[in-house]
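In what follows, every chain begins at residue 1, and chains take the letters A, B, ... in the order their sequences are listed.
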Amino acid sequence: MSFIQPRTMPGVMELLPLEQVAFQRMLDTIRRNYERFGFLPVETPVMEFTKVLLTKSGGETERQVYLVHHSGSLKQDEKPELALRFDLTVPLARYVAEHERKLNFPFRRYQIQRVYRGERAQRGRFREFYQCDIDVIGKDKLDLYYDAEIPAVIYNLFRELNFGKFTIHMNHRKLLAGFFAYLGIEEAEQQMLVLREVDKIDKRGREKVMETLLAEPFSLSSATVEKLMQFLETGNGRSNSETLAALREWDIQEPRWLEGLSELEQVFHQLARLDVPDDYLRLNLAIARGLDYYTGMVYETLLDDHLKLGSVCSGGRYENLAGHYTKSKLPGVGISIGASRLFFQLMDAGLVNLGQNIVKVLVTQMDDSLADDYLQITAALRAGGINTLLHVEGGKFQKQLKAADRAGIRFALIMGGSEKEQGVVTVKDLSKGEQHQFARDAMVEGINGLING
RNA sequence: GAGGGUGUAGCUCAGUGGUAGAGCUCCGGAUUGUGGCUCCGGUGGUCGAGGGUUCAAUCCCCUUCACUCUCCCCA
C-alpha cells in the first residue's frame, strides 16, 4: 500500500494548535482595537465575479489571480466566471457601491479575512494569507481628520501587540508629485519609476541609486539628483516639526506641493492632540508605498528592532474607491496589516510566545477510585468558566504532569486520598513550580485568582 | 516572467563506489503521590523519482519532480 504524501500546497500557512492560539490572539487584538475606534465588521465572499475583480486589470495583479470553476462548469477556452479575491480593497469597493444606499457615511469598516495570490513561493510570502484592513469611506469628500486617525489606530494597536518600539512613517503623495513637478519630472509614470528606485536606497545604497538615476533610462541631471536626494533626506536627524519647517524653506509654489505640505502640517497637529507620541511618528519623504492608487497621505509601519521585516502595516488615502462600479465619488483612507506574514516573521524571529494553552487546568487522576470526584471537579471548573481538561487516560502521575507541561497547560489539579479526606484540592502551577491548596467549594475562585493574579 | 541553490530519520544536518550515521524530537526506564534538568535504552530511512555507467550506485552521468533563494512585485 503506498500512501499519498500528506502535504499542503506551498505558500499557505498551516499552524500547530498552540501556534494557532498565538495567531488567534493577534487577530483578536487587532479586532479589538479596530472596534475601539468605531470600525464595523464586514465580510465578503472569497469568490467574486471575475468581471468585478479584474476591473483595473493588467499588470502584476491580474497575473496572480486564481480563477475558479467547478468541475461541471468549464467550457473550453472561456475565462471562468469566478475568481478568488486578491485583496480586500476591491471587494470593499464593490460592497460599498452595491450597498451605497444602506450605508452610513463616512463608512467605517474593518475586515479580517484571507486573500489569494498566485505568488511564486518565497519565504514569508503566501498564496493564501490574512489581511486585516480598515477603511473610512466618505461620500464626495472625506475630512482630513481621518488621515490623522489612521496612525492613531496603528499606534494603539501596535502598542498592545507589544512587538517593541515601532515607527509609523508617513509621507504625502501630493507633496511628492509637487516636488517632482518642480524638478521637471511631470509624468506620473516616470515619477513612479524614480520613486521605486529611491525606495531601494536601504538595499542598494545611496551611491548606487544615484548612479542609476543619472544613467539611462532616467538620465537625470546631476543637479536634479542632488536636489532630489536633499529633499528625500530632509527628515534625517530632524524632528517632524523641524522637517516640516525645512520643507517650507524650499519655497516651491507648485499647488500640489503646497496642498500636501499643509495637509501634513494639519495631520501632525491633530496627531499630537490624539495623544500619539511624536517619537512614534516620522515624516519620511522617501517612502512611496507601491500601490498607485494612493493620492494623499501614505503610511508604513516598521518595528524598530526588526527593520528587516519591512513594513508590517501600510496604507494611505485614495481619491475614489469605486469609480468602476458607481458614479458616486467615494474618497477614502485605510490601512492593511498582512497578518499571516507578520505572524510568520515574528515566529521566525522568536518573538511569539507559544507556551500558553487556552486550556488552563488539567485535572489529573491520582487515584482511580476517585474517578467520580475527578468528573465532578472537572464539571465544576468548567461551570466556573475555567477551560479544563480531564486526563482520563490516567497512567503514571509523572506522565500526567509531563503531559500538562508539554501541552502548555499551566495548572495541574491534584487530588489523592489525603486531599479527599481533608476536602481540599491541590493546584500546582507548572510555570512557577508552586502548589496551592483550596477547599473543594472554593477552588474555582482560588484558581481564577491564580490565573488573574 | 528571469537567474541561482538544494533534495539522506519527524526536524537540523554529517558521510562513503561495497545498500548509512550524529544531535534534537518521539517512546520506554532510573523504588509505586509531583513536570522542565540529567543518565540509560528503544522506535525510526527502498539516501526525492526514473534511467544510464559499473561486478556493485545514496555517492558518477542524464532526465524528471519537488522544495528553496534572489530579481520583479507586494502583505
Side-chain angles (χ1 to χ4, degrees), chain A residues 2-3 5-11 13 16 30 58-65 85-89 111-133 192-193 195-197 199-200 203-204 288-294 299-302 309-316 334-346 355 362 364-370 391 394-421 425-437:
Chain A
S2 79
F3 293 104
Q5 191 190 359
R7 62 188 196 108
T8 61
M9 61 181 263
M13 185 175 79
L16 293 170
I30 293 171
E60 203 59 30
T61 40
E62 169 138 24
R63 221 173 71 197
Q64 297 187 335
V65 171
R85 59 170 175 236
F86 52 87
D87 73 3
L88 300 178
T89 305
Q111 189 169 357
I112 299 176
Q113 289 193 279
R114 288 192 266 217
V115 303
Y116 300 83
R117 291 184 197 175
E119 285 273 3
R120 260 294 167 73
Q122 217 171 110
R123 190 163 192 73
R125 220 167 222 232
F126 296 102
R127 290 177 174 172
E128 176 190 70
F129 60 96
Y130 270 93
Q131 284 198 327
C132 310
D133 282 26
M192 254 336 282
L193 292 174
L195 282 174
R196 246 173 227 166
E197 207 47 49
D199 215 35
K200 294 176 188 162
K203 260 189 204 168
R204 301 185 51 204
R289 236 345 56 186
L291 300 173
D292 311 342
Y293 59 80
Y294 292 134
Y299 316 95
E300 287 197 0
T301 307
L302 298 170
L309 304 194
S311 177
V312 295
C313 168
S314 40
I335 47 165
S336 178
I337 298 174
S340 304
R341 176 188 274 189
L342 176 58
F343 183 79
F344 177 83
Q345 289 174 318
L346 290 169
L362 180 74
T364 59
Q365 306 233 70
M366 175 141 282
D367 183 340
D368 290 347
S369 69
L370 298 177
H391 198 280
K396 289 180 82 169
F397 187 59
Q398 287 186 60
K399 297 187 68 175
Q400 298 189 41
L401 286 186
K402 194 172 177 180
D405 187 46
R406 284 174 33 134
I409 301 173
R410 185 169 160 201
F411 299 101
L413 188 142
I414 303 165
M415 189 185 72
S418 57
E419 280 95 348
K420 170 73 176 171
E421 270 176 38
V425 296
T426 297
V427 175
K428 176 160 185 155
D429 183 338
L430 294 168
S431 68
K432 295 183 180 167
E434 295 169 357
Q435 294 200 163
H436 308 267
Q437 284 207 331

J.: Roughly how many Å is it from CD1 in A/Ile335 to P in B/rA75, rounded to a whole number?
T.: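 After rounding, the gap between these two atoms is 13 Å.
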J.: Can you check whether any acceptor in the base of B/rA75 is under 3.5 Å from a donor in the side chain of A/Arg125, or vice versa?
T.: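 Check fails, no donor-acceptor contact within cut-off.
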J.: Give me the distance, rounded to whole Å, that separates B/rG41 from B/rU46 when you measure between the P atoms they each carry.
T.: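 Rounded to whole Å, the distance is 25 Å.
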J.: Would A/Ile335 and A/Tyr299 satisfy side-chain contact (heavy atoms from CB on, under 4.5 Å), going step by step from the backbone distance to the final call?
T.: CA-CA 8 Å; A/Ile335 47 165; A/Tyr299 316 95; 4.2 Å; yes
J.: With ring centroids as reference points, do A/Phe126 and A/Phe344 lie under 6.0 angstrom apart?
T.: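 Centroid distance A/Phe126-A/Phe344: below 6.0 Å, so yes.
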J.: Show, in sequence, the C-alpha distance, side-chain angles and deciding distance for A/Tyr116 and A/Arg114, and conclude whether the side-chain contact (heavy atoms from CB on, under 4.5 Å) test is met.
T.: CA-CA 7 Å; A/Tyr116 300 83; A/Arg114 288 192 266 217; 3.9 Å; yes
J.: Any strand is fair game: report the nucleotide pairing with B/rC26 by Watson-Crick or G-U wobble, both distances under 3.5 Å, or none.
T.: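 Partner of B/rC26: B/rG42.
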J.: Calculate the interatomic distance between A/Arg410 atom CZ and B/rG35 atom C1'; express it in whole Å.
T.: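 In whole Å, B/rG35 C1' lies 15 Å from A/Arg410 CZ.
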J.: A/Leu193 CG to B/rC72 C1': how many Å, rounded?
T.: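 In whole Å, B/rC72 C1' lies 13 Å from A/Leu193 CG.
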J.: Check whether the side chains of A/Glu419 and A/Thr426 place a donor and an acceptor atom closer than 3.5 Å, and report yes or no.
T.: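 Yes, a side-chain donor-acceptor pair sits under 3.5 Å.
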J.: Using a 4.0 Å heavy-atom cut-off to protein, can you give one letter per nucleotide of nucleotides 26-34 of chain B, 5' to 3': B if the base is in contact, S if only the sugar-phosphate is, - if neither?
T.: SSS-S--BB
J.: In whole angstrom, give me the gap between the C1' atoms of B/rC37 and B/rC74.
T.: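 To the nearest whole Å, 46 Å.
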J.: For atom P, what is the distance between B/rU38 and B/rU64, given to the nearest Å?
T.: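 Their P atoms lie roughly 48 Å apart.
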J.: Do A/Arg341 side-chain and B/rC74 base share a donor-acceptor contact under 3.5 Å?
T.: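 Side chain to base: pair present.
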J.: Any strand is fair game: report the nucleotide pairing with B/rC13 by Watson-Crick or G-U wobble, both distances under 3.5 Å, or none.
T.: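 Because both required distances fall under 3.5 Å, B/rC13 counts as paired with B/rG21.
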J.: What interatomic distance, in whole Å, is found between C1' of B/rC47 and the corresponding atom of B/rU58?
T.: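 Each nucleotide's C1' atom is 4 Å from the other's.
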J.: With both distances under 3.5 Å as the test, what is the Watson-Crick or G-U wobble partner of B/rU6?
T.: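 By the stated definition (distances under 3.5 Å), B/rA66 pairs with B/rU6.
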J.: Is there side-chain contact between A/Tyr293 and A/Thr89, with heavy atoms separated by less than 4.5 Å?
T.: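 In short, these two side chains touch, coming nearer than 4.5 Å.
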J.: Return the value, rounded to whole Å, for the distance between atom CD of A/Gln345 and atom C1' of B/rC74.
T.: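 Taking atom C1' of B/rC74 as the reference, CD of A/Gln345 is at 12 Å.
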J.: For B/rG48 and B/rU8, measure between their P atoms and round to the nearest Å.
T.: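 About 6 Å, rounded to a whole number of Å.
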J.: Under the side chain to side chain donor-acceptor pair (under 3.5 Å) rule, collect the residues that match up with A/Gln435, sequence neighbours excluded.
T.: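 Not a single residue meets the side chain to side chain donor-acceptor pair (under 3.5 Å) criterion with A/Gln435.
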J.: Find the distance A/Tyr294:OH to B/rC74:P and express it as a whole number of Å.
T.: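 It is 11 Å, rounded to the nearest whole Å.
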J.: A/Met13 has an atom CE; how far is it from atom C1' of B/rA75, in whole Å?
T.: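 Whole-Å distance recorded here is 12 Å.
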J.: Determine the interatomic distance between C1' on B/rG44 and the same-named atom on B/rG23; round to the nearest Å.
T.: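 Comparing C1' positions in B/rG44 and B/rG23 gives a spacing of 15 Å.
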J.: Take atom P in B/rC24 and the same atom in B/rG36, then report the distance between them in whole Å.
T.: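 Roughly 15 Å separates the two P atoms.
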J.: Sort out the partner of B/rC60 for me: Watson-Crick or G-U wobble, both distances under 3.5 Å, none otherwise.
T.: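 The base-pairing partner of B/rC60, which may sit in any strand shown, is B/rG52.
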J.: Think A/Arg196 has a side-chain N or O under 4.0 angstrom from the OP1 or OP2 of B/rC73?
T.: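 Yes, because at least one side-chain N or O of A/Arg196 sits under 4.0 Å from OP1 or OP2 of B/rC73.
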J.: With rounding to the nearest 0.5 angstrom, report the CG to CD1 distance, A/Asp367 to A/Ile414.
T.: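 Answer for the CG-CD1 pair, A/Asp367 versus A/Ile414, is 13.5 Å.
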J.: Quick check on RNA chain B: between A/Thr8 and A/Val312, whose nearest nucleotide comes earlier from the 5' end?
T.: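 Nearer the 5' end of the strand: A/Thr8.
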J.: Can A/Arg125 and A/Arg341 be said to form a side-chain contact (heavy atoms from CB on, under 4.5 Å), step by step?
T.: CA-CA 7 Å; A/Arg125 220 167 222 232; A/Arg341 176 188 274 189; 3.9 Å; yes
J.: Write down the distance between CZ (A/Arg127) and P (B/rC74), rounded to a whole number of angstrom.
T.: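 Roughly 19 Å, once rounded to whole Å.
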J.: Heavy atoms only, 4.0 Å cut-off, all strands: where does A/Phe126 land among base, sugar-phosphate and nothing?
T.: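 The residue A/Phe126 makes base contact.
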J.: Taking only the C1' atom of each, what is the distance from B/rG52 to B/rC59 in whole angstrom?
T.: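 Nearest-Å result for B/rG52 against B/rC59 at atom C1': 15 Å.
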J.: Whole angstrom is fine here: how far is it from OH in A/Tyr299 over to P in B/rA75?
T.: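 About 16 Å, once rounded to whole Å.
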J.: Measure the distance between the ring centre of A/Phe129 and the centre of the six-membered base ring of B/rA75, then answer whether it is under 5.5 Å with planes under 30°.
T.: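 A stacking contact exists, since A/Phe129 sits close and nearly parallel to the base ring of B/rA75.
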J.: With side-chain contact (heavy atoms from CB on, under 4.5 Å) as the criterion, how do A/Leu370 and A/Lys420 come out once you've worked through the C-alpha distance, each side chain's angles and the decisive distance to 0.1 Å?
T.: CA-CA 8 Å; A/Leu370 298 177; A/Lys420 170 73 176 171; 4.0 Å; yes
J.: Does A/Gly433 or A/Gly11 map to a spot on RNA chain B nearer the 5' end, using the closest nucleotide for each?
T.: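 Residue closer to the 5' terminus by nearest nucleotide: A/Gly433.
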